[in-house]
Amino acid sequence: QLQLVESGGGLVQPGGSLRLSCAASGIRFDNYAIGWFRQAPGKEREGVSCISSSGDITNSADSVKGRFTISRDIRKKTVYLQMNSLKSEDTAVYFCAAATFDCGGIGRMRYWGQGTQVTVSS
């Protein structure tokens, strides 16, 4: 069993930055790819960014490329999502999730965190 806990959300002005953290506990963190997803009110959950279990492969949605960066610290069992140049359309609940080894899509994610709210507003 793998438990995931997100933190770092909050209220930020447009153009600002936030860093989200996804802390993992339980079995073999280094066997899992970790993805970040978000869900805005009235919209479906969508993938934001993902990092493979080795940390060698990352991918991001076109809407966040050049603004968001995903990274992982194996020793701390934590994955980070650095979000810069935030826009109002980035407002959503952000979730991290885990899949064995490779990212794939939302359907591969086996474990989910409880989510953290990100609000971008002036």
> Just wondering, do T91 and Q117 contact through their side chains at under 4.5 Å, heavy atoms?
Replying inline: yes
> So which of L81, V64, T116 actually passes side chain to side chain contact (heavy atoms under 4.5 Å, CB included) with R38?
Replying inline: V64
> OH of Y80 to OG of S49: how many Å apart, nearest 0.5 Å?
Replying inline: 15.5 Å
> Can any side-chain N or O of Q114 pair as donor or acceptor with the backbone N or O of V5 at less than 3.5 Å?
Replying inline: no
> In chain order, what residues pass the ring-ring contact (aromatic ring centres under 6.0 Å, His included) check against F37, with sequence neighbours excluded?
Replying inline: W112
>> To check you understand the geometry: which heavy-atom pair defines the closest contact between G47 and A61, and what is its length?
In response: O-CB, 3.6 Å
> So, for L4 and A98, which heavy atoms are closest and what is the spacing to 0.1 Å?
Replying inline: CD1-N, 3.8 Å
>> I need the minimum non-hydrogen distance between M83 and Y94, along with the two atoms involved.
In response: SD-CE2, 3.9 Å
> Given the rule in the side-chain contact (heavy atoms from CB on, under 4.5 Å) test, do V79 and C96 qualify, once you have shown the distances and angles that lead to the verdict?
Replying inline: CA-CA 9 Å; V79 170; C96 65; over 6 Å; no
> In chain order, what residues pass the side chain to side chain donor-acceptor pair (under 3.5 Å) check against Y32, with sequence neighbours excluded?
Replying inline: none
> If you count the non-hydrogen atoms of other residues, nucleotides and ligands that lie under 6.0 Å from CD in E89, is the total more than 12?
Replying inline: yes
> What are the two closest heavy atoms between I70 and I34, and how far apart are they?
Replying inline: CD1-O, 3.8 Å
>> If I take atom OG1 from residue T78 and atom CZ from residue F29, how far apart are they, to the nearest 0.5 angstrom?
In response: 6.5 Å
> In terms of hydrophobic clusters joined by side-chain contacts under 4.5 Å, are V120 and V48 together?
Replying inline: yes
> Is there a donor-acceptor pair under 3.5 Å between the side chain of S52 and the backbone N or O of D102?
Replying inline: no
> side chain to side chain donor-acceptor pair (under 3.5 Å) with R108: which residues, sequence neighbours excluded?
Replying inline: T100
Hey, can you pull the donor-acceptor pairs under 3.5 Å for the side chains in residues 7-27, sequence neighbours left out?
{"unit_1": "S17", "atom_1": "OG", "unit_2": "N84", "atom_2": "OD1", "d": "2.9"}
{"unit_1": "S25", "atom_1": "OG", "unit_2": "Q3", "atom_2": "OE1", "d": "3.3"}

> Which pairs, with at least one residue in residues 67-76 and sequence neighbours excluded, count as a side chain to side chain donor-acceptor pair (under 3.5 Å)?
Replying inline: R67-D90
> Is there any salt bridge (charged side-chain N to carboxylate O under 4.0 Å, His left out) pair reaching into residues 52-64, and which pairs are they, with sequence neighbours excluded?
Replying inline: D62-K65
>> Apply side-chain contact (heavy atoms from CB on, under 4.5 Å) to residues Q39 and F95 and explain how you reach the verdict.
In response: CA-CA 8 Å; Q39 188 165 20; F95 301 87; 4.2 Å; yes
> Side chains of R28 and S53: closer than 4.5 Å at any heavy-atom pair?
Replying inline: no
